[in-house]
Amino acid sequence: MPELPEVEVVRRGLHEHVAGRTVDAVEVLHPRAIRRHLAGAADFALRLTGQRLDAARRRGKYLWVDLSGGDAMLAHLGMSGQMLVQPVGAPDEKHLRVRLRFTDGGPELRFVDQRTFGGLALADLVEVDGTRLPRQVAHIARDPMDPAFDPVAAVAALRGRRTEVKRALLDQTLVSGVGNIYADEALWRARLHGLRPADKLTRAKAAELLAHATQVMYEALGEGGTSFDALYVNVNGQSGYFDRSLAVYGREDEPCRRCGTAIRREPFMNRSSYSCPRCQPRPRG
DNA sequence: CTTATGACCTGCAAGC
DNA sequence: TGCTTGCAGGTCATAA
């Protein structure tokens, strides 16, 4: 699920359904889901068992839950990860990777991940710029929904890259949370082609782009996120509705909502970029 | 240091 | 029907 709004939907679900509950048992069904926990699955299970899960937090697309013992359980959903709250005894999902049972005997927490690009880990917290973060998240920039997000600094970071603006927007060390969908949507709103050089944008244009990215992610959050299929769901298995509001992503050959021109799809970094040929002319050369 | 490129996985839809 | 190919909301290690 993976961009900021979808991860935030999951974070809220975790906060509501698992915060305050104590882990009774941990079952790792696929070792790859725990590969970022270098001490291994047995250590992961042992150290997590008996801990109470506290606040659920997020930076960009990373998600974590504070543990009563002082560390955190970190999660990244990758391309296809889900956190599901399911009744004990519900049939295992085909791609169930990790199960947490709780001492209260209530619904269990399941990490389900078809492609196993995501995973869980335990992490100690380090302080970065006044914020406590899991060590593995320390290199990720603040996202636009962070109360301490600094738009001026973010604009400077984007313009400081000698690369194309879409690449810069997707660089999680500059601004976090933006992925392929919301990058394309923000570029369309700003009438910019993603191949435009980031360092040639005026400060005002870069600021406008960032404001559009922020706005479109808030709008998506308001609709429960974007989901084209059952892979992208909240902790209760429900889909969001923002796909109806997308202007370009996934709309190849459909009319631009501004000018009616057919939306084009172009290869980009082993996937696709969607844009309007008229509103977002490709840069020369 | 910065920037670009593939690797990592599974499953689905489209085309032959 | 079956095969192949291409594609998917991401990040990371490695190369230049």
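Just so it is clear: chains get the letters A, B, ... in the order the sequence lines come, proteins before strands, and each one is counted from 1.
Taking the six-membered ring where the residue is Trp, A:Y182 and A:F242 present tilted rings, their angle falling between 30° and 60°.
The phosphate of B:dG11 (OP1 or OP2) has a side-chain N or O of A:K94 nearer than 4.0 angstrom. A sub-4.0 Å separation between OP1 or OP2 of B:dC9 and a side-chain N or O of A:R32 is present.
One P atom belongs to C:dG6, the other to B:dG6, and the distance between them is 14 Å to the nearest Å.
Residue contacts for A:T163: at a heavy-atom cut-off of 4.0 Å it reaches the sugar-phosphate backbone alone, with no base atom in range. If you check every strand for non-hydrogen atoms under 4.0 Å, A:F228 touches a base. Counting any heavy atom pair closer than 4.0 Å across all strands shown, A:S272 reaches sugar-phosphate atoms only and no base atom. At the heavy-atom level, A:R35 lies nowhere under 4.0 Å from the strands shown. If you check every strand for non-hydrogen atoms under 4.0 Å, A:D113 touches nothing. At the heavy-atom level, A:H139 lies under 4.0 Å from the strands shown only through sugar-phosphate atoms.
With DNA chain C read from its 5' end, the first of the two nearest nucleotides for A:R115 and A:Q172 is the one closest to A:R115. Between A:R162 and A:R271, the residue anchored nearer the 5' end of DNA chain B, judged by the nucleotide with its closest heavy atom, is A:R162.
With a glycosidic angle no further than 90° from 0, C:dG9 counts as syn.
The CG-P distance, from A:L174 to C:dT11, rounds to 13 Å in whole Å. Per the geometry, CD belonging to A:E6 stands 12 Å off P belonging to C:dG9, to the nearest Å. Rounded to whole Å, atom P of C:dT11 lies 10 Å from atom CG of A:D171. Rounded to whole Å, atom C1' of C:dC12 lies 15 Å from atom CG of A:L170. Rounded to whole angstrom, the span from the CZ atom of A:R265 across to the P atom of C:dG6 amounts to 11 Å. Rounded to whole Å, atom C1' of B:dC12 lies 11 Å from atom NE2 of A:H95. Look at CG on A:L231: it is 13 Å from C1' on C:dC7, rounded to the nearest Å. Atom CD1 of A:I140 and atom P of C:dC12 are 6 Å apart (whole Å).
Under the Watson-Crick and G-U wobble criteria, each requiring two contacts below 3.5 Å, nucleotide C:dG9 is left unpaired. Across all strands shown, B:dC9 forms no Watson-Crick or G-U wobble pair with both distances under 3.5 Å.
Remark: A:R257 fails to qualify as a cation-pi partner of A:W188 under the 6.0 Å distance and 45° angle criteria applied to the six-membered ring.
Considering only side-chain atoms of A:K61, the nucleotide from B:dG6, C:dG10, C:dG9 that sits closest is C:dG10. In this structure, the nucleotide among C:dA8, B:dG6, C:dC12 sitting nearest to the side chain of A:Y62 is C:dC12. When each of C:dG9, B:dT10, B:dC9 is scored by its nearest atom to the side-chain atoms of A:F117, the top-ranked nucleotide is B:dC9. Here the side chain of A:M79 is nearest to one of B:dT10, C:dG9, C:dT11, namely C:dG9.
Residues A:V178 and A:E3 approach most closely at C-OE1, 4.0 Å, considering heavy atoms. The heavy-atom pair separating A:F111 from A:G119 by the smallest distance is CZ-N, 3.5 Å.
A:T173 and A:D171 share a donor-acceptor pair across their side chains, judged by distance under 3.5 Å alone. Of the N and O atoms on the side chains of A:R142 and A:S176, not one donor lies less than 3.5 Å from an acceptor on the other residue.
No N or O donor and acceptor, one from the side chain of A:R167 and one from the base of B:dA4, sit under 3.5 Å apart.
The salt bridge (Lys or Arg N to Asp or Glu O under 4.0 Å) test with A:E164 is passed by exactly one of A:K166, A:R162, A:R167, A:R161: A:R167.
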